[in-house]
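Following: one structure in C-alpha cells, then a few remarks.
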Amino acid sequence: MNTQFCKVGKIKFSLNEVLNLDEVENNYLKFTEEAYNMLQTDASLSDFLYHEASKLRKIILNLKNSNSADVDAAF
C-alpha cells in the first residue's frame, strides 16, 4: 500500500490570489449606493447593506495592506 500525503495546511493563498481587488471595490460601491437609496424606504435593509459594505471595506483594506509593493520599507 502506498502512503498518501495530505497537503491540507501546507498550501497557503494570499488574499490577492483569492479575491480580485477591483471586483471587491465594485461590490462595495454597489452596496453603499443601494444602502443609501433604500434608506428612506426600508431602514432594516439599508442597515444590512451598510453592514455588508463595511465588511467589504475591511477586506479591501486588508488586500491593499497585503500588497508588498505598496508597503514602505521605512514603516
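Just so you know, these numbers use all the heavy atoms, side chains as well, and skip hydrogens, waters and symmetry mates. All of these numbers come straight from a predicted model, not from anything done at the bench.
- Scanning both residues, Ser46 and Ala35, for their nearest heavy atoms gives OG-O, 2.8 Å.
- With respect to the salt-bridge test (charged N to carboxylate O, under 4.0 angstrom), the residues Glu33 and Lys30 do not qualify.
- With Leu63 as the fixed residue, the side chain to side chain contact (heavy atoms under 4.5 Å, CB included) test singles out one of Ile60, Leu61, Ile59: Ile59.
- Linking ILVMFWY side-chain heavy atoms closer than 4.5 Å, directly or via other members, places Leu56 and Leu21 in a single hydrophobic cluster.
- Using modelled atom types, no side-chain atom of Asp42 and backbone atom of Met38 make a donor-acceptor pair closer than 3.5 Å.
- With contacts defined as side-chain heavy-atom distances shorter than 4.5 Å, the pair Glu25/Leu29 does not qualify.
- A chain of hydrophobic side-chain contacts below 4.5 Å, direct or via other Ile, Leu, Val, Met, Phe, Trp or Tyr residues, connects Phe31 to Leu45.
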Intermediate values then yes/no, side-chain contact (heavy atoms from CB on, under 4.5 Å), Thr32 and Tyr28: CA-CA 6 Å; Thr32 307; Tyr28 170 73; 3.7 Å; yes

